[in-house]
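Structure record follows, encoded as structure tokens.
Convention: sequence-line order gives letters A, B, ...; per-chain numbering from 1.
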Amino acid sequence: MNFITIDKKDWAPGIDKSRKTFRVYGPVEDENGCQIKPLAPDTAPKMDAPVTVMSAKSVLFPQTEKILTATLDESKQDHHVMTPVETDDMPRVVLGIRPYDAKAVQLVKLNFDNPDYQDPYWCAAYEATTFVGLGVTHPGPCDFSTAVGCGPFSEEGLDVLMADMDDKYLAKILTKKGENWVAACGFDTEADPKESQVLFDVLRKEAEKQIQTDLATDKLAGKTILDLYDAPFWDDVAFSCINCGTCTYVCPTCWCFDIQDETRHNTAVRFRNWDTCMSSLFTHHASGHNPRGTKVHRVRQRFMHKLKYFLDKYDQGIMCVGCGRCVASCPVNIDIREVCNRMNDYETTK
Amino acid sequence: MDTCIEKIRAIGADLLAKGTVEKVIGFADGSIPMATRPIALTSDKEVDKLVFNSVCGLNLANYVSKNSLSSKEGKIAVVAKGCDARNLVTHIVENQISREQIYIIGVPCTGMVDKRKIAALFDDEITGFEEHGDTLTITSASKTETVKKADVLRHNCRVCTHSNPPVYDVMAGDPVEEQTLDHPYEDVDQIAAMDLDARWAYFENLTKNCIRCYACRNACPLCYCPTCFVDESSPQWVGKGQNEIDVTTFHFLRAFHCAGRCTDCGACVEACPMGINVRDFTRKLNKDALELFGWEAGLVLDKRPPLDAYSPNDPNDFIK
Amino acid sequence: MMGNLLEHMGIDRDRIHFSWISSAEATKFVDVVREISEKVRALGPNKKFVKDYTK
């Protein structure tokens with residue numbers, strides 16, 4: 001069974017059925033816009049939601065995650081010994097995410113799950129999670145996913161890819177995880193594989209046509225890090241930057257974090273929080289020295305990491321899936337597409 | 001509406017050509033609809049890049065403070081709406097810059113639009129935005145909407161009573177008529193009418209989606225501290241995670257640091273990716289500054305802000 | 001103004017107190033602290049602006 005159809009009448013009841021075995025996440029709307037959040041009982045995901053302000057990365061990598069605790073009570077034998085917190089490894093499903101958010105998870109995976117290092121918290125969450133994507137039929141003006149090896153109907157990283165067909169969803173089941181979720185919902189109306197694939201291809205082509213962007217990344221790999229680092233345009237790129245963390249927090253591929261210990265009375269807790277290279281604190285040494293002391297340093301770091309260091313280190317393209325969230329949310333309209341093109345086109349005169 | 005842009009460009013070109021100023025800081029068009037970006041020009045050949053329209057919602061005073069200027073730099077011209085100019089005055093009064101360093105190109109402002117309000121008219125993403133006089137034409141893939149600018153103004157612009165720069169070197173247009181309001185702080189009064197628990201719940205709900213990106217702080221011209229209290233690590237005043245009390249502490253204390261200084265320019269709300277109306281904190285302080293001290297920030301160069309000076313007449317009935 | 005903002009945010013005014021006490025006014029200090037303690041005790045435990053580490 002590769003393709004099924006899901007009547008929209010059966011959608012909400014199916015999700016409710018799956019709650020026995022899955023914790024369900026999906027787009028939820030409130031006064032601050034749409035976000036991927038845990039779905040409260042009896043609420044259906046807002047499938048026709050616009051792009052969520054934040055990506056789906058927090059499902060695997062929460063902005064604040066309690067990782068260890070200890071007691072400071074010296075009468076206890078294990079006082080001051082950090083112990084892992086109990087985590088909830090119940091399978092979870094993220095509904096209605098955009099395909100580029102699933103691809104982003106695969107890029108983040110290179111950092112959190114590789115031969116040298118496996119992050120236990122991220123890996124456990126990844127194992128437990130099923131991604132059900134919804135193809136984007138009307139990409140917005142910020143979407144440039146096709147230019148970075150992704151696209152509005154990209155399947156990479158997804159377990160199920162769905163397409164909105166007015167009164168029903170057409171779903172392509174891509175993995176075993178996807179099969180399990182479909183079974184848990186009781187969705188079982190098989191669709192003709194050949195016809196369905198044709199439909200998907202038509203929708204994909206229609207959607208891809210709507211993305212107009214002249215982003216080029218082809219020459220980035222051929223440049224030296226130092227040439228790009230010393231390029232003359234960084235002051236110009238950084239001028240308007242106010243050094244907030246918006247671009248990094250809304251980014252589905254930004255993975256940097258900070259470890260914080262907090263104590264109160266006899267309880268000590270170790271948290272992991274998202275961090276942002278836009279903050280001067282990010283590289284502030286205990287000595288007081290800061291190797292990235294100005295905003296130009298920090299802006300350059302963000303783009304060099306995404307568009308050069310990552311590319312050189314992993315050879316998996318740039319660290320960007322073209323969701324355009326940073327473009328849409330940046331208070332001063334710093335556009336990664338323009339910066340990328342400037343880097344790509346830059347020829348040193350030396 | 002005459003957006004004064006031709007005049008702004010002419011003034012900018014003249015200042016740069018004559019060498020009166022080293023830089024002109026203004027707004028340029030953005031890469032997506034309804035976006036502009038702050039820009040610094042150094043040549044009179046570039047002035048065509050300057051724009052001024054209803055989506056210049058940030059505050060350019062933010063780009064001239066001790067942190068962003070080196071003392072070696074010459075005079076800098078800033079394109080300033082009423083609120084930008086008031087923040088430049090505040091910078092001068094707070095010794096961030098000297099009056100001589102700044103050349104204020106004053107723009108009589110007819111208000112900035114609330115991008116979220118406009119986005120809410122559509123189910124899909126906005127692909128086009130055009131402005132003709134006081135009419136806005138906004139398009140998406142599915143439809144075109146024509147709205148009156150007055151209907152989609154930001155809240156701080158709707159209640160603004162200082163559209164014209166109080167201090168300037170040159171004006172790029174004739175002053176606009178200032179409005180007078182019967183109830184300037186209706187929004188504050190609405191919160192004040194709730195009982196204590198409802199107010200607490202209101203503010204908890206207000207900041208529940210805050211991601212602590214600090215865009216509000218960094219877009220604010222008042223927030224020029226070399227190290228913000230939330231970034232201090234020895235001692236660490238506030239937890240850095242998403243605990244709601246830490247989030248509230250940040251917003252409460254940041255607002256209080258703006259007491260008697262805030263011009264209600266709305267840059268904080270404009271910058272917030274979540275659209276949180278953080279002005280709910282600062283508006284209460286502005287109201288108190290007005291009622292207790294008869295003070296509105298950034299109007300005059302020769303008076304100290306109320307919390308910066310002592311007067312025997314200061315209200316002190318809170319001290320028991 | 002700080003007290004006003006705190007009250008505006010829903011903190012009980014009786015939990016906020018401002019006094020001038022000179023270093024020579026030991027008895028005033030004691031009296032003020034006693035008065036505040038009694039007021040706050042009567043209000044019961046504060047639930048606002050308190051971090052919950054069990055979460």
**OP:** For A/Met54 and B/Met274, run side chain to side chain contact (heavy atoms under 4.5 Å, CB included): C-alpha distance rounded to whole Å, both residues' side-chain angles, the deciding distance at 0.1 Å, then the answer.
**Re:** CA-CA 9 Å; A/Met54 308 288 285; B/Met274 294 295 167; 3.4 Å; yes

What residue, out of [options], has the most heavy-atom pairs lying under 4.5 Å from chain A?
| options | answer |
| --- | --- |
| B/Ile211, B/Ile276, B/Ile32 | B/Ile211 |
| B/Gly275, B/Ala40, B/Ala141 | B/Ala40 |
| B/Arg37, B/Lys208, B/Glu125 | B/Arg37 |

[X] side, atom [atom1]; [Y] side, atom [atom2] - distance, nearest 0.5 Å:
| X | Y | atom1 | atom2 | value |
| --- | --- | --- | --- | --- |
| A/Ser280 | B/Asp231 | OG | CG | 6.0 Å |
| A/Met278 | B/Cys213 | CE | SG | 12.5 Å |
| A/Phe271 | B/Gln242 | CZ | CD | 11.0 Å |
| B/Cys210 | A/Asn32 | SG | CG | 9.5 Å |
| B/Arg212 | A/Thr246 | CZ | OG1 | 14.0 Å |
| B/Asp123 | A/Asp48 | CG | CG | 7.0 Å |

More than 12 heavy atoms of other groups within 6.0 Å of [X] [atom1]:
| X | atom1 | result |
| --- | --- | --- |
| B/Glu130 | CD | no |
| B/Lys143 | NZ | yes |
| A/His138 | NE2 | no |

Can you tell me which portion of [X] sits under 4.5 Å from chain B's heavy atoms? Options are side chain, backbone, both or neither.
| X | answer |
| --- | --- |
| A/Gln35 | side chain |
| A/Tyr249 | side chain |
| A/Thr276 | neither |
| A/Asp30 | side chain |

Compute whether any side-chain donor of one residue and acceptor of the other, for [X] and [Y], lie under 3.5 angstrom apart.
| X | Y | result |
| --- | --- | --- |
| A/Lys37 | B/Asn209 | yes |
| B/Asn205 | A/Glu31 | yes |
| A/Glu262 | B/Gln236 | no |

Heavy-atom contact with chain A under 4.5 Å, split by part of [X]:
| X | answer |
| --- | --- |
| B/Ser140 | neither |
| B/Arg217 | neither |
| B/Ala215 | both |
| B/Asp246 | side chain |
| B/Leu58 | side chain |

**OP:** Please name the pair of heavy atoms, one in B/Ile39 and one in A/Phe239, separated by the smallest distance, quoted to 0.1 Å.
**Re:**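 Closest pair (atom of B/Ile39, atom of A/Phe239, distance): C-CE2, 3.5 Å.
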
**OP:** Name the member of A/Gln260, A/Gln210, A/Lys295 that forms the most heavy-atom pairs with chain B at distances under 4.5 Å.
**Re:**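 That would be A/Gln260.
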
Contact between [X] and [Y] at the side-chain level, heavy atoms closer than 4.5 Å - yes or no?
| X | Y | result |
| --- | --- | --- |
| B/Ser31 | A/Val327 | yes |
| B/Asn62 | A/Ile242 | yes |
| B/Tyr63 | A/Ser240 | yes |
| B/Lys240 | A/Asn273 | yes |

Subject >> Positions in residues 330-338 of chain A that reach chain B, provided some heavy atom is under 4.5 Å away >> reply: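 Under the 4.5 Å heavy-atom cut-off, A/Pro331, A/Val332, A/Asn333, A/Asp335, A/Arg337, A/Glu338 qualify.
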
**OP:** Enumerate the residue pairs fulfilling salt bridge (Lys or Arg N to Asp or Glu O under 4.0 Å) with a member in residues 245-260 of chain A, sequence neighbours excluded, ordered by first and then second residue.
**Re:**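 The answer is none; no pair qualifies.
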
